[in-house]
Amino acid sequence: MYGFEALTFNIHGGYLEAIVRGHRAGLLTTADYNNLCQCENLDDIKMHLSATKYGSYLQNEPSPLHTTTIVEKCTLKLVDDYKHMLCQATEPMSTFLEYIRYGHMIDNVVLIVTGTLHERDVQELIEKCHPLGMFDSIATLAVAQNMRELYRLVLVDTPLAPYFSECLTSEDLDDMNIEIMRNTLYKAYLEDFYKFCQKLGGATAEIMSDLLAFEADRRAVNITINSIGTELTREDRKKLYSNFGLLYPYGHEELAICEDIDQVRGVMEKYPPYQAIFSKMSYGESQMLDKAFYEEEVRRLCLAFEQQFHYGVFFAYMRLREQEIRNLMWISECVAQNQKSRIHDSVVYMF
Amino acid sequence: MDDLLDKLPEMDLMRSEKMTLVQLIIPVESAHRSVTYLGELGLLQFRDLNADKSPFQRTFATQVKRCGEMSRKLRFFKDQIDKAGLRCLPRRHELEPDIELGDLERKLADHEHEVLEMNSNSEKLRQTYNELLGFKIVLQKASGFLVSSNAHAIGDETELRESTYSNNGFIESSSLLEQEMKPEPLNQSGLRFISGIINKDKLLRFERMLFRATRGNMLFNQTPSDEEIMDPSTSEMVEKIVFVVFFSGEQARTKILKICEAFGANCYSVPEDTTKQRQLTREVLSRLSDLEATLDAGTRHWNNALNAVGYSLTKWVTTVRREKAVYDTLNMLNFDVTKKCLVGEGWCPTFAKTQIHEVLQRATSDSNSQVGVIFHVMHAVESPPTYFRTNKLTNAFQEIIDAYGVARYQEANPAVYSVVTYPFLFAVMFGDWGHGLCLLLGALYLLARERKLSKQKLGSFMEMLFGGRYVILLMALFSIYCGLIYNEFFSVPFHIFGGSAYKCRDTTCSDAYTAGLVKYRDPYPFGVDPSWRGSRSELPYLNSLKMKMSILLGIAQMNLGLILSFFNARFFGSSLDIRWCTGSQADLYHVMIYMFLSPTEELGENELFWGQRPLQILLLLMAFIAVPWMLFPKPFALRKIHMERFQGRTYGLLGTSEEDLDVEPDSARSHQGEEFNISEIFVHQLIHSIEFVLGSVSNTASYLRLWALSLAHSELSTVFYEKVLLLAWGYENILIRLIGVVVFAFATAFILLMMETLSAFLHALRLHWVEFMGKFFHGDGYKFVPFSFALLSDDNE
């Protein structure tokens, strides 16, 4: 019921919202990060994490730990949370939760296809895939030679199939192609997700449209920056931007013709929410942009928990956990390589 | 009076144990041993002096980490042992000497290395074995396909044609392709095949994928393998399917091979020649038998190694757990580098001081330390923890109280009274001695198997029942007692204590239900006269009896609560708080109103009990008198309360000047109250007293649930008895009788024994928590959790 979520939301969503809020309480806090930053080796990290929700996932790992094991186990925790919620969910929440996975699916498809192109072992590639983005016939992706085949053989069974309508070419796969495919897929995915959330209405639409618009804008900026100096034409570049978000449509026009990072900056500073992000950076710098965007994203995700009776919390929780795992990976990597001074470069604090 | 009260013998449960804050200064060399001994004693609760440090910054972090690592290894062994399905009975503990931590660590590492190596070896072997087994199965099955496909190639072809022509819905292009392909003889053109084996659950997708990849240009044959193959990672048996794919062209071949790889299907090349096939089969079989022998030997070896570990596994687990606890505790101590000693603080019961002292001395002498452990009492600022020494019986009741709130330090403990009042109030609601007997049997069963049950792990529900076995026992006994008073046995009255006091007016007994009975001898000696049952006035009589009884019980219990609050106030207030004391006295005075009320009711009830039915009219009169009686004193009493309040306040003000000298933590609350505005106190007290007056009335009314539930219980059991059992018995048919008995038994067991017990239990719980304990109980203490090995193993199991 549009606008009356408070009346009916708890019938199906109440339990899961409680669960997800409980999970959110288990996210690491700034105090945890401070402690983690003081760790001397990976065993210290394990010891500290054993007092958190990750404890049971790490406790059976033999002692010489590796960063990959830590990340793997932490991801396992995320996946378990997700699966548990998905099992309990009813329509339309289950579809919403499924949507959260699609991004990972796209990444996995791209990973496998790129890997096969460079003649890597399929099993090895599969191990690198994000477990949330796994689907049944993912290993078969290696068989495909071009987009059309990719679609016809494998992806037609997956939920990604509709997103392929725009990139069905018979060209052979190469790095550039794949990157364009990734962005086209992502564009289609974000637009579809956006539409789905609008259809759900109420607080979900309100909050998710904000979060997804931010995501779309961020992608637009990243696409622009990454495509500067490549042979991608302006028209093609513009085609990759998602058709919603704060930058749509006039920002896209301007971004499409940017030739260097300072021009991008000029465009973005016209939009107040992004002005703050860019004002933190010095001219000509794009290294810290990622972190700045992540920080802004985390801030928005945390705000999603301020409102009740909407599905945005699930999306926000998944994203926050992923950010947390990125943080842990960075910290572990820094600790393992004795670069503790660089820990703060990339860790995004949440609470 | 005060002397008398002080001289009363001390009861452990009345108030919590006196606690002392002690400081330990332990030399480093004897620290570990001292803490171990203290853990065995289990009477000291350490305070964490390093709360600001993160776990890995503490002194003994490395040791804790080592213990964690060891327990991981032990868990690994346990997993392996479970996987192997071994049952390892631990050897007698006395036979094995205590093992040093370092030795144990080395031992565990050795064992783990051994087991891991064996695992990887056997996994490799298993892999080869599985592959060979797959090959064997494929050889057996696939050869059948090859032969049959050769023989029936032409037959297939015609069939296919027929089906395509008859089926217009078929996609034309694919059928055309097949038609083109088919006429070619099998061994002539590029028609080739791949055979292999695949998990059954992947088969459908595999087939679909093959179809898509070759654009339908293939023939897929499948047959289930008769044997199941063990999956090495999960050691589960998996069903496999043998398949043979016929296709043409090199490109299709690479594609199919890739798909096979992606699906984890093992492909084997099967020679088309039958003699070669036979030869291969023989080779494979011989290698299989070799491998089998090796695998068996490996498994035996593995089992032996695990058995060796399994014997002492439980012992090791406890050792490691203890060590970890010891180091965790040591981490709570302050480490003083210059003095080479550890400083610890903790709470212990005052009576345990000597014991702790002895233990510490023993530790010093055992570790040959030259400096003894310094043990002295410290002045406490914060409130001590609450500790009750309970036994098997009182423990359950203490748990019920703790569920509401842990008593404040040295506060009057309601658990003492609950031991009797709780089952009694339950029984008032559950008064039926038949049902009581059933409960009693259950409780006795639990008690009889106490020793056995306490050792094994129970489900959560059984655990709850077992934990409350003494509560159930007492509840059963009391409900038998109350059932005898109500004279109900599955709602049927019995003439246990002699005959009824009533008889019919004449021999025919025709007017028994209209004119009533006559009394002809002394009243029934115990409980309700059985003749009441079925009479027209049964319900009014029992109602008035139960209602008044429940009011009486309620008032008695609430008075007990008020008296306790007076004792609490006296206990805490004698040294520091006058206002509390006067407040309580005023409350006590107020309660006297109700005490005035109750004798009149008591009288009325007594007369009714001895007398006859017309006296109910008198009772009604009494009630009319009671209403103004209850109304009038109220304002007076309130005015009196206020007078007392004023007096109390002046005393209180005087008192504060002295109290300021004391820095006892308990006084903090009263200080705050005292410093406020006078009118504020007045308003506050007014609200408080109004609340109390209203509370007393509503709480008294709340005790009526005793009556309501007992009525409901007896009515329900009457219904089941009369409308089910007796109704069914009225028929001559044995089947109907049987059904009646069964229905009656189930209704009794599930509705009366289980649900009614639960509801009566919950109502008794509420009466205790809200109506009784609300009068005096603060419940804002915290529990005494000593560092004890005994508690440790309980927690982790």
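These numbers come from a predicted model, not from an experiment. Residue numbers begin at 1 in each chain, while the letters A, B, ... track the order of the sequences.
Surrounding CD of Glu124(A) are more than 12 heavy atoms belonging to other residues, nucleotides or ligands, all under 6.0 Å away. A 6.0 Å sphere centred on NZ of Lys324(B) holds no more than 12 heavy atoms belonging to other residues, nucleotides or ligands. Within a 6.0 Å sphere centred on NE2 of His113(B), other residues, nucleotides and ligands contribute 12 heavy atoms or fewer.
Of all residues in residues 66-75 of chain B, those placing a non-hydrogen atom less than 4.5 angstrom from a non-hydrogen atom of chain A are Glu69(B), Arg72(B), Arg75(B). Using a 4.5 Å heavy-atom cut-off against chain B, no residue of residues 324-342 of chain A qualifies as contacting.
For Glu61(A), the part lying near chain B is the backbone, with the side chain staying farther off; criterion is any non-hydrogen pair under 4.5 Å. Heavy-atom distances place no part of Phe206(B) under 4.5 Å from chain A, backbone and side chain included. There is no contact between Asp32(A) and chain B, counting heavy-atom distances below 4.5 Å.
In this structure, the side chains of Asp157(A) and Arg205(B) stay at 4.5 Å or more apart for every pair of heavy atoms.
With rounding to the nearest 0.5 angstrom, the OG1 atom of Thr62(B) is 11.5 Å from the CG atom of Asp43(A).
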